[in-house]
A.B. asks: 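Below is the structure I would like to discuss, written out as structure tokens.
FYI, side chains are in, hydrogens and waters are out, and symmetry mates aren't considered; it's all heavy atoms of this structure. Positions are given from 1 along the sequence.
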Amino acid sequence: MRIYRVLLVASLVSVAAPALGQNDFNGAQEIGRSDYASAERVIEKSRKIFPHDVDLMLNLATVYAHTGRTPAAAALYREVLAMPDEALAISETQDASAHALARDGLRRIEPVAVTAR
């Protein structure tokens, strides 16, 4: 099982956490600066080489959610959920699953159904 570093950005209100690696091939630094256009360019370039990389997919979903492309973000989160789960290191001492992050991202961007009787 691969382990990724994930940067939890507390100010994100509608997305799962972006993943952070040693080199900025995944847009995490740009997402942290709210520079979503630059993040998208970095992520798309890396996805040409690693199209099914989970942290790239989660980061791109983050960008989409922050730039009003909710359906595209939801599609990426669902794609992550359809893949085998992977452990993600979200800090030096804490792990989370890619599936948990994708489910959290979906919960934050999808409308809540309310019923009335």
Side-chain angles (χ1 to χ4, degrees):
M1 183 180 302
R2 296 182 298 180
I3 297 180
Y4 299 92
R5 296 195 156 274
V6 176
L7 170 66
L8 290 178
V9 179
S11 64
L12 297 179
V13 294
S14 64
V15 295
L20 176 66
Q22 293 289 343
N23 298 318
D24 189 31
F25 72 94
N26 62 9
Q29 292 176 359
E30 290 81 359
I31 292 169
R33 292 191 313 264
S34 299
D35 184 356
Y36 303 116
S38 293
E40 186 170 355
R41 284 191 298 274
V42 168
I43 296 165
E44 288 294 348
K45 181 178 177 183
S46 294
R47 284 197 78 203
K48 289 178 182 175
I49 301 166
F50 306 105
H52 302 291
D53 188 282
V54 174
D55 55 333
L56 293 174
M57 294 168 72
L58 289 170
N59 285 1
L60 189 56
T62 298
V63 168
Y64 288 164
H66 275 286
T67 56
R69 294 177 279 175
T70 303
L76 276 172
Y77 289 134
R78 287 189 186 95
E79 191 174 338
V80 168
L81 289 170
M83 298 170 66
D85 200 5
E86 296 187 23
L88 303 172
I90 58 173
S91 73
E92 294 295 322
T93 60
Q94 187 178 7
D95 291 342
S97 78
H99 285 186
L101 294 172
R103 282 190 301 270
D104 185 53
L106 279 172
R107 269 193 303 274
R108 292 172 190 256
I109 63 173
E110 291 185 331
V112 176
V114 178
T115 61
R117 284 192 179 212

A.B. asks: Let me confirm one number: the OH-CZ distance from Tyr36 to Arg69, rounded to the nearest 0.5 Å.
C.D. replies: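 Going from OH on Tyr36 over to CZ on Arg69, the span is 12.0 Å.
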
A.B. asks: Please report the closest heavy-atom contact between Ile31 and Ala39, naming both atoms and the distance.
C.D. replies: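 Shortest heavy-atom contact: CG1-CB, 3.7 Å.
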
A.B. asks: Grab the two heavy atoms, one from Leu76 and one from Tyr64, that are nearest each other, plus how far apart they are.
C.D. replies: CD1-CE1, 3.6 Å

A.B. asks: Among residues at least two apart in sequence or on other chains, which ones pass side-chain hydrogen bond (donor to acceptor under 3.5 Å, both in side chains) with Arg33?
C.D. replies: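 Result, side-chain hydrogen bond (donor to acceptor under 3.5 Å, both in side chains) vs Arg33: none returned.
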
A.B. asks: Check whether Asp85 reaches the backbone of Ser97 with its side chain - one donor and one acceptor, N or O, closer than 3.5 Å.
C.D. replies: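 Side chain of Asp85 to backbone of Ser97, a donor-acceptor pair under 3.5 Å: no, none is there.
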
A.B. asks: Compare every heavy atom of Ala61 with every heavy atom of Ala73, then report the nearest pair and how far apart it is.
C.D. replies: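 Nearest heavy atoms, Ala73 then Ala61: CB-O, 3.4 Å.
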
A.B. asks: Please report the closest heavy-atom contact between Leu106 and Leu81, naming both atoms and the distance.
C.D. replies: CD1-CD1, 3.6 Å

A.B. asks: To the nearest 0.5 Å, tell me how far Lys48 NZ sits from Glu44 CD.
C.D. replies: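 The NZ atom of Lys48 sits 8.0 Å away from the CD atom of Glu44.
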
A.B. asks: To the nearest 0.5 Å, tell me how far Arg47 CZ sits from His52 NE2.
C.D. replies: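 These two atoms lie 7.5 Å from each other.
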
A.B. asks: Does Ser46 use its side chain to pair, donor to acceptor, with the backbone of Phe25 at less than 3.5 Å?
C.D. replies: yes

A.B. asks: Mind checking the CE-CE spacing from Met83 to Met57? Nearest 0.5 Å is all I need.
C.D. replies: 5.0 Å

A.B. asks: So which atom in Ala74 and which in Glu110 form the shortest heavy-atom distance, rounded to 0.1 Å?
C.D. replies: CB-OE2, 4.3 Å

A.B. asks: Output the distance between atom NE2 (His66) and atom CG (Asp35), rounded to the nearest 0.5 Å.
C.D. replies: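 It comes to 12.5 Å.
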
A.B. asks: What are the two closest heavy atoms between Ala65 and Ile109, and how far apart are they?
C.D. replies: CB-CG2, 3.9 Å

A.B. asks: If you group Ile, Leu, Val, Met, Phe, Trp and Tyr by side-chain heavy-atom gaps below 4.5 Å, do Leu56 and Val42 land in one group?
C.D. replies: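 No; tracing contacts between hydrophobic side chains, which count when under 4.5 Å, never links both residues.
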
A.B. asks: So, taking the atom named CD1 in Ile43 and the one named CG in Asn59, what distance separates them when rounded to the nearest 0.5 Å?
C.D. replies: 5.0 Å

